[in-house]
Amino acid sequence: MTTAPVRTPLVRSSDRVIAGVCSGLAVHLGWPVRMVRIGMVVAAFAGGAGLAFYAWLWIMVPTADENAKRNARRPASPIAPAVSLPPVSLQPGPAAAVVPFPPSVPPPVGEYDAGTASQAPSPAAAPGSGTWFRIRSMRYGKEILLGAGLLLVAAILIARLLGVEVPLGTLIPAAAILGGAAIAWMQLDETRRAGLVDKTKADQAGGWARLAAGLALVVAGVLVMVSGSGSWQQTWLALLASVAVLGGVALVLLPWGLKFWRDLETERAGRVRETERAEIAAHLHDSVLQTLALIQRRAGNEHDVVRLARAQERELRGWLFKDPARDAGQLSDRIKAAAAEVEDGLGNAVDVVTVGDTEMTEGHEALVQASREAMLNAARHGGGPVSVYLEVSDGGAEVFVKDRGPGFELNSVPHDRLGVRESIIGRMKRHGGNAAINSSPDGTEVRLRLPADVADNGEGKS
Amino acid sequence: MSTSAGAGAAGRTVRVVIVDDHAIFRSGLKADLDPSVVVVGEAGTVEQAVEVIAAARPDVVLLDVHLPGGRGGGGREVITGSAALLGTTRFLALSVSDAAEDVVAVIRAGARGYVTKTISGAEITDAVFRVAGGDAVFSPRLAGFVLDAFGTAPADIADDELDRLSARELEVMRLIARGYSYKEVAKELFISIKTVETHVSAVLRKLQLSSRHELTKWAAERRLL
């Protein structure tokens with residue numbers, strides 16, 4: 001597996017101690033993560049090369065999530081998976097390091113350092129007994145870093161008590177600079193993941209505060225270090241001078257920065273609009289344009305044209321006005337679906353008005369079936385448009401199906417015709433509801449009623 | 001509402017202005033309308049509509065809910081722009097929209113009724129005469145919205161309570177939602193058509209003036225308050 005023909009992309013892993021650089025690198029290279037971590041620590045002592053390398057990878061390498069997002073934005077080719085899959089899936093044996101799709105699957109690094117502690121090249125000088133760092137998720141990462149820092153402070157204090165000369169004047173500013181930079185950069189990392197210019201982010205204010213705190217720490221550290229722990233007056237002078245210089249630079253660079261920012265914003269907004277437009281265009285192409293083409297070909301048949309137009313209208317309405325937050329499969333959705341089915345099948349307009357809604361139960365299933373039968377009858381024998389009204393209240397669910405056909409006499413329906421007697425009246429009675437049919441020469445109305453307590457009991461039965 | 005109000009047959013004519021941004025729909029509607037309905041003006045945007053209505057002073061305005069121009073308020077903005085004429089000119093909303101807030105927005109702005117664009121010319125003619133006569137025109141769908149907003153539980157209340165519907169008004173709304181014409185409603189409830197119209201007008205008034213939570217929410221979302 002060391003000579004894997006397909007390397008997994010280099011991403012920062014979610015299995016991380018600091019920023020997931022080492023484990024990501026390990027997955028990418030196919031090496032044990034422990035080796036990479038130890039190597040990084042060793043390199044860190046070689047003139048800080050490891051630290052520099054680590055920082056560079058931290059900044060340049062995206063996290064697994066970011067990478068997945070970036071890949072998802074690419075137009076998906078239907079052939080791509082078929083082309084790229086075989087070489088990976090052909091990999092037999094212990095190909096633990098070669099994960100087919102690392103962006104979505106956390107790399108199985110765990111088995112490499114089972115039992116041993118994973119070392120970390122932490123700027124807070126990780127203590128020797130690394131058992132703490134076996135907690136691989138960052139859930140306690142902050143607490144561990146804080147603890148390490150406090151231990152360090154304690155060690156310095158003890159050393160001073162024992163008479164060892166510690167160069168505090170250099171150490172404190174250096175620690176301040178390191179800590180401030182770490183805070184600021186972690187912030188950069190997080191905001192980059194959340195989208196650098198996402199203003200709606202709720203924790204954005206906290207992010208700015210952390211950035212400011214980091215900056216202040218760094219500035220203070222640099223100042224103290226440069227002014228050489230001298231008098232307050234010197235420090236103030238240095239502060240004044242540096243602020244003046246910074247202000248001048250900012251004044252010059254501000255217009256550039258603003259312009260750059262605005263360009264970025266415009267481009268982003270344009271891209272969002274473009275995506276939305278493409279989505280709408282795709283939907284219209286799949287639905288409306290196809291229907292219009294069909295209508296042109298069937299222009300001679302009025303019945304077909306009306307049916308196509310109604311079906312398309314229904315589909316487009318569903319797409320435009322449907323509330324995505326509402327879960328589908330409620331009673332009203334089922335009644336509307338049944339109406340759509342009848343409309344498609346027989347070509348009569350079926351208008352549905354619903355008031356209230358409820359979850360489906362077995363009793364409601366019977367109600368939907370009976371309603372469907374009533375709509376079919378109304379469309380078939382009534383001939384004209386059909387009105388359907390569903391009302392769900394605390395007392396139960398009621399469905400009214402009305403047409404304006406010539407009407408019929410229930411007793412005159414032959415006994416071998418089961419539509420009305422069985423599918424509507426019988427079905428409702430079996431499920432604890434009732435059905436009434438009111439027919440006159442002006443039209444027919446079928447009233448179906450399912451009491452709420454019956455609908456609830458029906459749920460338990462099989 | 002397939003039964004004619006009878007006013008057209010009596011030789012009375014109604015002057016209307018058609019406001020819709022689609023010229024094809026306007027000409028189609030004009031061809032569909034009864035000869036007793038005289039189209040005295042047409043408009044395609046909010047500004048044009050306000051201007052044409054002020055100049056022509058029609059009896060009824062057939063008003064599309066979604067219109068370009070103005071401050072983006074559509075049909076509602078036309079009604080508020082013609083507020084001075086609300087006593088003599090009546091508005092009937094036409095819409096392809098199914099969204100409750102669109103419909104409720106124009107009704108609360110002052111429209112006397114709402115019908116969908118797919119209904120036949122005879123039905124629209126009937127609705128125009130009804131609105132011209134001072135009555136309200138409710139489609140089954142609008143009745144459904146009303147029942148949704150006010151609730152379907154019958155209330156033991158006086159008729160002038162704005163936030164609730166009386167038992168009788170609920171019955172009328174429910175029958176309209178079931179697809180009954182005013183005449184059929186009257187027959188079903190053993191009351192006169194005039195009484196049905198009174199109930200419907202009362203519901204319309206409540207829909208326009210009520211401060212019921214659901215309605216104010218719709219209104220607030222549309223910045224009507």
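So that the names make sense, note that chain A is the first sequence line, chain B the second, and so on, each numbered from 1.
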| query | Does the side chain to side chain contact (heavy atoms under 4.5 Å, CB included) test come out yes or no for B:Lys187 and A:Asp442, once each step is laid out? | reply | CA-CA 12 Å; B:Lys187 202 172 141 205; A:Asp442 294 333; 3.7 Å; yes
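You'll find the side chain of A:Glu398 stays beyond 4.5 Å of the side chain of B:Arg178, heavy atoms only. Between A:Tyr389 and B:Leu147 there is a side-chain heavy-atom pair separated by less than 4.5 Å. Counting only heavy atoms from C-beta outward, the side chains of B:Glu184 and A:Lys402 approach each other to under 4.5 Å.
Proximity to chain B is limited to the backbone of A:Val352, based on heavy atoms less than 4.5 angstrom apart.
Under a 4.0 Å N-O distance rule, the pair B:Lys117/A:Glu313 does not qualify as a salt bridge.
Residue B:Gly179 comes nearest to A:Ser387 through the heavy atom pair CA-OG, 3.8 Å, listed as atom of the first residue, atom of the second, then distance. When all heavy atoms of A:Val355 and B:Asp148 are compared, the closest pair comes out as CG1-OD1, 3.8 Å.
The 12-atom threshold is not exceeded at NE2 of B:His22, counting heavy atoms of other residues, nucleotides or ligands nearer than 6.0 Å.
Every residue two or more places apart in sequence or in another chain was checked for a side-chain hydrogen bond (donor to acceptor under 3.5 Å, both in side chains) with A:Arg307, and none qualifies.
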